[in-house]
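Everything on this sheet refers to the single structure shown next.
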Amino acid sequence: MNKILKKNIELGIIFGLICAVLLSFSRFNAECDDLRANVLRLHIIANSDTDADQNVKLKVRDELLKNSDIIFDRCNNLEDAIISAEEKTDKICEIANEVLLKNGFKYNAVATVCDSYFETREYDGFTLPAGTYKSLTVRLGEAKGHNWWCVIFPAVCIPAAADASLADTASKASASMAENGKKYVIRFKSVEIYENLKKKFQK
């Protein structure tokens with residue numbers, strides 16, 4: 001075998017491997033897109049990182065999850081859930097502010113439904129890839145502390161709805177991917193790098 005033919009074969013193999021990797025990434029990223037488009041995240045940002053502010057953040061969380069049936073009453077799909085959350089931001093603030101006042105805090109809560117960027121995150125047995133998600137965001141005071149998040153629709157982070165699944169809104173393939181995140185650590189990291197680069201160039 002002459003050197004030119006051997007070189008062409010090697011280049012062909014390398015090109016084929018690159019195409020296979022890109023195709024695999026493209027499919028995986030499409031499943032990530034499906035997840036991002038089919039969940040509503042609850043995002044609570046603490047006033048600061050002091051123990052007191054972090055503890056009251058969790059109390060606000062508990063109260064909001066306890067009252068999630070009020071926020072999402074008769075919501076059968078994601079669109080309904082987003083509309084309901086947007087319509088009830090005053091009620092959400094009221095619930096959060098009652099907790100803050102009861103615990104002696106003078107700052108207030110602000111609730112909005114918005115698009116928020118998240119890094120790759122794990123939560124109680126499932127992993128969500130980095131990217132932009134629709135989020136019910138509750139900012140406490142100056143909102144400069146560490147945050148807490150979960151998926152509030154479908155209600156996978158609500159104990160009373162233990163039978164809820166990401167597959168209730170997303171495809172079975174993407175839900176399975178999220179629920180078996182440990183199998184895809186490298187792929188999730190690749191998606192995170194890609195999303196961070198995309199975010200940087202969009203600024």
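Keep in mind the model is a prediction, meaning the values are calculated, not measured. Numbers here are sequence positions counted from 1.
- Taking all atoms of both residues into account, the shortest heavy-atom contact from G145 to I45 is O-CG2, 3.6 Å.
- No path of Ile, Leu, Val, Met, Phe, Trp and Tyr side chains, each step under 4.5 Å between heavy atoms, connects L101 with I44, placing them in separate hydrophobic clusters.
- Remark: D115 CG is packed, more than 12 non-hydrogen atoms of other residues, nucleotides or ligands lying under 6.0 Å away.
- Not counting sequence neighbours, K59 has no partner by the salt bridge (charged side-chain N to carboxylate O under 4.0 Å, His left out) test.
- Between the D49 side chain and the H146 main chain, a donor and an acceptor come within less than 3.5 Å of each other.
- A distance of 8.0 Å separates SG in C114 from NZ in K134, rounded to the nearest 0.5 Å.
- Interatomic distance, CD1 of I92 versus CG of L136, reported as 4.5 Å (0.5 Å rounding).
- Between R36 and T132, every side-chain heavy-atom pair lies at or beyond the 4.5 Å cut-off.
- Contact annotation: the side chain of Y133 approaches that of L128 to within less than 4.5 Å [non-hydrogen atoms, C-beta and beyond].
- Take C75 and apply the disulfide (SG to SG under 2.5 Å) test, not counting sequence neighbours, and it matches no residue.
- Under a 3.5 Å cut-off, the side chain of S68 and the backbone N or O of L65 do form a donor-acceptor pair.
- Between H43 and F118, the ring center distance clears the sub-6.0 Å criterion.
- Residues meeting the side chain to side chain contact (heavy atoms under 4.5 Å, CB included) test with N47, sequence neighbours left out: D53, Y107, E142.
- Contact check for L64 versus I95: side-chain heavy atoms found under the 4.5 Å cut-off.
- Under the 3.5 Å distance criterion, the side-chain polar atoms of K88 are matched with a main-chain donor or acceptor of I70.
- Listed by chain and residue number, E63 satisfy the salt bridge (charged side-chain N to carboxylate O under 4.0 Å, His left out) test with K66 (two or more places apart in sequence, or in another chain).
- Between the side chain of N97 and the backbone N or O of A109 there is at least one donor-acceptor pair closer than 3.5 Å.
- Linking ILVMFWY side-chain heavy atoms closer than 4.5 Å, directly or via other members, places I82 and I152 in a single hydrophobic cluster.
- The salt bridge (charged side-chain N to carboxylate O under 4.0 Å, His left out) search around D90 returns none, not counting sequence neighbours.
- When all heavy atoms are compared, the tightest approach of F72 to A81 is CE2-O, 3.4 Å.
- Taking CG of N147 as the reference point, atom NZ of K57 lies at 6.5 Å (rounded to 0.5 Å).
- Every residue was checked against the side-chain hydrogen bond (donor to acceptor under 3.5 Å, both in side chains) condition with R41, not counting sequence neighbours, and none meets it.
- Atom CD1 in I83 sits 6.0 Å away from atom CG in D80 (nearest 0.5 Å).
- Of all heavy-atom pairs between A130 and T120, the closest is N-OG1, 3.4 Å.
- Of the possible donor and acceptor atoms, one in the side chain of S84 sits under 3.5 Å from a partner among the backbone N and O of I71.
- Considering L78, V39, N38 as possible partners of F153, the one that fulfils the side chain to side chain contact (heavy atoms under 4.5 Å, CB included) test is L78.
- Note that CZ of F105 and CG of L140 are 9.5 Å apart. Values are rounded to the nearest 0.5 Å.
- Shortest non-hydrogen contact noted between V99 and N103 is O-ND2, 2.7 Å.
- Note that CG of L42 is 10.5 Å distant from CH2 of W149, once rounded to the nearest 0.5 Å.
- Considering all non-hydrogen atoms of both residues, S48 and Q54 come closest at O-NE2, 3.0 Å.
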